[in-house]
Number of protein chains: 2
Amino acid sequence: MPNNSNLDLEAAESWAKKYFLASRALMEFVLRPYDLGTTQWYVLYLLAHDEPINQRELTRTLEIERATLSAVISALVRKGLVEQISDPHDQRQKLLQLTIAGRNLWATLPDPIGLITAVAFDGVDDTEIALANRVLRDATQRLNNYKNERKSI
Amino acid sequence: MPNNSNLDLEAAESWAKKYFLASRALMEFVLRPYDLGTTQWYVLYLLAHDEPINQRELTRTLEIERATLSAVISALVRKGLVEQISDPHDQRQKLLQLTIAGRNLWATLPDPIGLITAVAFDGVDDTEIALANRVLRDATQRLNNYKNERKSI
DNA sequence: TTGCTATTGTTAGGCACCTAACTAGTTTGT
DNA sequence: ACAAACTAGTTAGGTGCCTAACAATAGCAA
């Protein structure tokens with residue numbers, strides 16, 4: 001029964017995935033002319049507001065793994081937008097800061113997040129958005145708890 | 001102001017992303033012992049219920065690009081779980097079907113989607129889930145519409 | 001001081017997503 | 001009938017996510 005399969009899949013994937021993919025796609029679409037990926041943009045955003053930051057700190061803010069961030073940073077360094085400097089107080093850590101080119105680029109960038117929020121939720125009842133967020137937040141917490149319990153056993 | 005930045009980021013990323021990442025992580029955790037990725041599981045699921053399917057059809061069901069599916073299928077073929085057969089009626093198309101090994105593996109697999117739904121939403125009010133889904137679905141549609149309008153201009 | 005342990009970042013390899021460009025078939029239009 | 005346009009799948013290259021294993025540094029303890 002192909003129809004049945006499709007319905008199951010709909011329920012399974014859920015709209016959270018589709019929303020996430022659609023918002024990421026729009027963000028990539030907006031950033032493509034600047035040759036920037038979504039996480040690269042977040043890094044520039046954070047550096048533009050609070051500099052310098054060490055990578056360890058960034059992994060916590062962005063909630064991604066060290067290895068993942070390492071690749072993102074190396075892309076930004078390759079593009080000449082960000083510099084890595086060894087922290088004199090701890091040679092293991094690397095401080096990140098924007099280069100002149102990075103700062104100049106940042107000044108010309110649009111705000112993809114503002115756009116996404118505006119397009120996605122403009123005119124939508126605030127209480128409905130809050131409820132949806134709460135449902136997702138609680139569900140996320142349950143999933144993470146469940147996984148962490150199994151993991152440690 | 002680091003605090004301010006973090007708050008903006010929280011709002012920006014939204015719980016849809018976190019929910020999606022958490023559910024994918026749990027699904028990967030469940031499937032890891034079987035050396036299967038999430039999309040690989042979906043393909044096996046669809047083939048186990050309705051076989052054979054051609055790749056073109058699968059890209060529509062899974063809502064992913066041809067190139068993406070091509071890589072997923074080639075992984076499944078490499079693992080000996082799926083066979084690709086040229087469609088005699090249209091040599092361009094390839095029909096997919098499970099191998100014996102694929103069918104045997106499928107019989108031993110747990111249902112990661114059922115688990116995720118149970119863990120994430122057990123005991124949650126149905127109307128709240130429905131509302132959250134509606135909010136996300138509408139937002140997704142607005143994002144996609146917006147992007148498609150810009151794209152075609 | 002020497003040696004174990006913990007932490008930071010990188011590298012290697014895998015999955016899942018994308019676009020762009022290619023090949024090989026099929027269809028259509030004149 | 002044949003060239004043009006379309007379609008199905010692959011390949012190449014990019015992003016973003018992960019785990020596992022490694023090097024270098026730091027810190028602590030005997």
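Just so we're clear, the structure is a prediction, and the values are computed from it rather than from any experiment. Note that these values count all heavy atoms, side chains included, but never hydrogens, waters or copies made by symmetry. All chains are named by letter (A, B, ...) in the order of the sequence lines, taking the proteins before the strands, and each is independently numbered beginning at 1.
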Chemist: Whole angstrom is fine here: how far is it from CE in A:Met27 over to P in C:dC18?
Modeler: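 After rounding, the gap between these two atoms is 17 Å.
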Chemist: Indicate the atoms forming the closest heavy-atom contact of B:Gln84 with B:Ile73, along with that distance.
Modeler: NE2-CG2, 3.5 Å
Chemist: Please figure out whether A:Ser74 or B:Glu65 has its closest DNA chain C nucleotide nearer the 5' end.
Modeler: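 Its nearest nucleotide being more 5', the pick is A:Ser74.
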Chemist: Return the 5'-most residue of the pair A:Arg78, A:Gln91 with respect to DNA chain D, ranking by each residue's nearest nucleotide.
Modeler: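 Its nearest nucleotide lies further toward 5', so the answer is A:Arg78.
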Chemist: Under 4.0 Å, heavy atoms only, any strand: does A:Gln84 hit a base, just the sugar-phosphate, or nothing?
Modeler: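 The residue A:Gln84 makes sugar-phosphate contact but no base contact.
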Chemist: So B:Thr39, base contact, sugar-phosphate only, or nothing? Heavy-atom distance under 4.0 Å.
Modeler: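 Sugar-phosphate only.
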Chemist: Who are the salt bridge (charged side-chain N to carboxylate O under 4.0 Å, His left out) partners of B:Glu51, not counting sequence neighbours?
Modeler: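 Checked B:Glu51 against salt bridge (charged side-chain N to carboxylate O under 4.0 Å, His left out); matches are B:Arg103.
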Chemist: By the 4.0 Å heavy-atom rule, please label A:Glu28 as base, sugar-phosphate, or nothing.
Modeler: nothing
Chemist: To check you understand the geometry: which heavy-atom pair defines the closest contact between A:Leu47 and A:Leu96, and what is its length?
Modeler: CD2-O, 3.5 Å
Chemist: A:Ala67 side chain: which of C:dG9, C:dT8, C:dT11 is closest?
Modeler: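 Among the listed nucleotides, the one closest to the side chain of A:Ala67 is C:dT11.
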Chemist: More 5' along DNA chain C: B:Arg24 or A:Arg32, using each one's nearest nucleotide?
Modeler: B:Arg24
Chemist: Shoot me the first and last contacting nucleotide of DNA chain D against chain B, ordered 5' to 3', at under 4.0 angstrom to non-hydrogen atoms.
Modeler: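 The footprint of chain B covers D:dT7 to D:dC17.
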Chemist: At less than 4.0 Å, is any side-chain N or O atom of A:Ser70 found next to OP1 or OP2 of C:dT10? Yes or no.
Modeler: yes
Chemist: Please classify the nucleic acid contact of B:Thr38 as base, sugar-phosphate, or nothing, using heavy-atom distances under 4.0 Å.
Modeler: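 The answer is sugar-phosphate, as B:Thr38 gets under 4.0 Å only of primed atoms, P, OP1 or OP2.
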Chemist: Report yes if some heavy atom in the side chain of B:Tyr34 is under 4.5 Å from a heavy atom in the side chain of B:Pro110; otherwise report no.
Modeler: yes
Chemist: Specify the closest pair of heavy atoms between A:Pro112 and A:Leu31, including all atoms of both residues, with the distance to one decimal.
Modeler: CG-CD2, 4.2 Å
